[in-house]
Amino acid sequence: MTIRLYDTKTKQKQDFVPIDPKDVRMYVCGPTVYDRAHIGNARPVVVFDVLYRLLRHEYGAEHVHYARNFTDVDDKINAKAAATGRSIRDITDETIGWYHEDMDALGALRPTHEPRATEYIAPMVTMIEDLIAKGHAYEAEGHVLFAVATDPEYGTLSRRSLDEMRAGARVEIAPYKRDPMDFVLWKPSTGDQPGWDSPWGKGRPGWHIECSAMAGELLGEKFDIHGGGIDLQFPHHENECAQSRCAGHDFANIWMHNGFLTVEGEKMSKSLGNFFTVADLRAKGVPGEVMRYAMLSTHYRSPIDWTARLVEESEVCMRKWRSMTADVPVGSPPAEFLDALNDDLNTPRAVAALHAVIGKGDLASLKAGAMLLGLLTDELAGWDAIDEADDGIASLIDGLLADRAAAKKDRDFAKADGIRDAIIAAGVEVKDTSLGAEWTLTPSFDASKLPEVENV
């Protein structure tokens, strides 16, 4: 089956044709490691993990190579080290450990490569030297800057002209820059800052050169897919494109970007009190599998609004799916599901296809499709256990809801409402969905208050 992906650069879907089907290569920009990952940081991880799984399914796990970096040299890291008195390595090691813990909890597979920027300084220096030699970069007051005017294709990824970018620029204005849009490839380091010897003195790399050098070293000068959040499209990815192109690298064939995440309709920010990390949610009892399902409910290119209702509905669904498939062998993903996933990772349509096979009683296909999405895996199991109710109580609640559905079908609405009221009074939350009634136990659940089936 043909995978079709939306290329940000061309703004259209295209058939994915790997450079080498035996060596499919993808690079995704990873975190700057100075603090816990928030829920917005987790979205690209889940999105590109689904793509990674799909590529492995199509081409074989051994033929797909995925690199996601750690930026471990950055002014924010330096500031935290200065404020806490801790070493930079101690901070970055701890933060990488947190990141792995949180992303593992979301069911994300570890990439093939997880390079740290500080391990690739030499390739960065070599690339900068090459750009200077080709006339695309210049040294000024201990800095090396990329000269954007030397690249006639600058702006083609974000579809902005250089004049437009200059007019609306919010970039550092420095006297040593030839053009306000020129960006730093190398900058000097003072005695208390991390630094490496270079032809331009002791210093450290700029952010953009890091990803170009690491991707080139690990995946080659030309590879298949480059991904990240839409906030990285400009300037980070635009600058990656420019410096790699001018160094003679073809770089990525397809560029993919996921949309923004808001919380209850608002931009996430600490000042609004709606900023939370993956660890915060886990501490509040939100399972990683539920977070993952919630993120897959919206197409990756669209904005997603993270709400309490979304989390609740996601948990209801995942409880149902786990209960249904507990003793079911893994079958094959349904064709409609694969069609949706191959259509630019249309996860909402893929999930709808899985709900449809439930109606057909094909739970083996449900399980297979869910696992391809990174759900219902053994690694994420266990959170859905209902300590307050045994299987008999679960069966009783299901039976009562079946009685209610039958009463509604017979237009005996008084009986249907009576059953619902009795279940709610016992401490069971009931939600009517397009797929039928779903239920969860509340902290006030009291099994003794449940009526008998057909006896309300």
Side-chain angles (χ1 to χ4, degrees), residues 8-9 27 29 32 69 71 73-79 117-118 120-190 193-216 221 226 228-252 255 257:
T8 305
K9 191 170 186 177
Y27 186 91
C29 290
T32 300
N69 72 294
T71 296
V73 52
D74 182 86
D75 289 344
K76 291 179 180 178
I77 302 172
N78 299 343
T118 54
Y120 289 81
I121 300 297
M124 295 176 203
V125 170
T126 298
M127 190 172 184
I128 294 169
E129 289 179 312
D130 188 36
L131 287 167
I132 292 174
K134 291 177 176 176
H136 294 292
Y138 59 94
E139 183 182 1
E141 298 183 20
H143 296 75
V144 180
L145 297 109
F146 182 86
V148 296
T150 67
D151 177 19
E153 296 184 51
Y154 192 81
T156 53
L157 178 64
S158 54
R159 293 186 173 239
R160 308 180 189 192
S161 73
L162 195 50
D163 287 341
E164 288 173 334
M165 286 187 275
R166 287 191 184 108
R170 296 180 62 185
V171 296
E172 179 187 4
I173 304 299
Y176 49 78
K177 284 188 176 186
R178 296 177 184 173
D179 186 307
M181 293 304 299
D182 291 350
F183 58 88
V184 172
L185 300 173
W186 189 264
K187 54 189 171 183
S189 294
T190 60
Q193 294 173 327
W196 292 262
D197 292 332
S198 79
W200 320 286
K202 183 182 178 183
R204 59 198 193 277
W207 177 32
H208 313 302
I209 197 69
E210 295 175 7
C211 287
S212 284
M214 286 185 282
E221 294 182 358
H226 194 313
I230 191 64
D231 56 311
L232 299 181
Q233 182 181 0
F234 182 85
H236 184 49
H237 288 167
E238 190 71 70
N239 292 349
E240 278 189 68
C241 279
Q243 64 202 8
S244 295
R245 179 170 52 240
C246 290
H249 303 180
D250 287 336
F251 216 46
W255 286 85
H257 295 91

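Heavy atoms only: backbone and side chains are in, while hydrogens, waters and symmetry mates are out.
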Under 3.5 Å, is there a donor-acceptor pair between the His257 and His237 side chains?
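Present: a donor and an acceptor within the cut-off.
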What are the two closest heavy atoms between [X] and [Y], and how far apart are they?
X: Ile209; Y: Ile128; result: CG1-CG1, 4.0 Å
X: Tyr27; Y: Cys211; result: OH-SG, 3.3 Å
X: Thr71; Y: Ile77; result: O-CD1, 3.6 Å
X: Gly135; Y: Thr150; result: O-CG2, 3.5 Å
X: Glu221; Y: Gly248; result: OE1-O, 4.1 Å
X: Gly155; Y: Glu238; result: N-OE2, 3.0 Å

Keeping [X] on the side-chain end and [Y] on the backbone end, is there a donor-acceptor pair under 3.5 Å?
X: Ser158; Y: Gln233; value: no
X: Ser244; Y: Cys241; value: no
X: Asn239; Y: His236; value: no
X: Gln193; Y: Thr190; value: yes

Evaluate Leu131 against Phe146 for side chain to side chain contact (heavy atoms under 4.5 Å, CB included), listing each step before the verdict.
CA-CA 8 Å; Leu131 287 167; Phe146 182 86; 4.2 Å; yes
Below 4.5 Å, heavy atoms only, C-beta onward: do [X] and [Y] meet side chain to side chain?
X: Val125; Y: Trp196; answer: no
X: Tyr120; Y: Asn69; answer: no
X: Trp207; Y: Val73; answer: no
X: Glu240; Y: Cys29; answer: yes
X: Val184; Y: Val144; answer: no
X: Val148; Y: Phe183; answer: yes

To the nearest 0.5 Å, what is the distance between [atom1] ([X]) and [atom2] ([Y])?
X: Lys187; Y: Ser198; atom1: NZ; atom2: OG; answer: 13.5 Å
X: Arg159; Y: Lys9; atom1: CZ; atom2: NZ; answer: 10.0 Å
X: Tyr154; Y: His136; atom1: OH; atom2: NE2; answer: 14.0 Å
X: Trp186; Y: Ile132; atom1: CH2; atom2: CD1; answer: 11.0 Å

Partners passing salt bridge (charged side-chain N to carboxylate O under 4.0 Å, His left out) against Asp151 (at least two apart in sequence or in another chain)
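Once residues adjacent in sequence are excluded, the partners of Asp151 under the salt bridge (charged side-chain N to carboxylate O under 4.0 Å, His left out) criterion are Arg245.
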Quick one: side chain to side chain contact (heavy atoms under 4.5 Å, CB included) partners of Pro188, sequence neighbours excluded?
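Scan of Pro188 (side chain to side chain contact (heavy atoms under 4.5 Å, CB included), adjacent residues dropped) gives His143.
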Contacts of Ala140 that satisfy side chain to side chain contact (heavy atoms under 4.5 Å, CB included) - sequence neighbours left out:
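Ala140: side chain to side chain contact (heavy atoms under 4.5 Å, CB included) contacts with Tyr138, Leu145, Tyr176.
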With sequence neighbours excluded, what pairs up with Gln243 under the side chain to side chain donor-acceptor pair (under 3.5 Å) test?
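So Gln243 forms a side chain to side chain donor-acceptor pair (under 3.5 Å) with Ser212.
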For residues 195-210, which residue pairs pass the salt bridge (Lys or Arg N to Asp or Glu O under 4.0 Å) check, not counting sequence neighbours?
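Listed by first then second residue: Asp75-Arg204.
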Which salt bridge (Lys or Arg N to Asp or Glu O under 4.0 Å) pairs, counting each pair once, include a residue from residues 134-149, with sequence neighbours left out?
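Residue pairs with at least one partner in residues 134-149: Asp130-Lys134.
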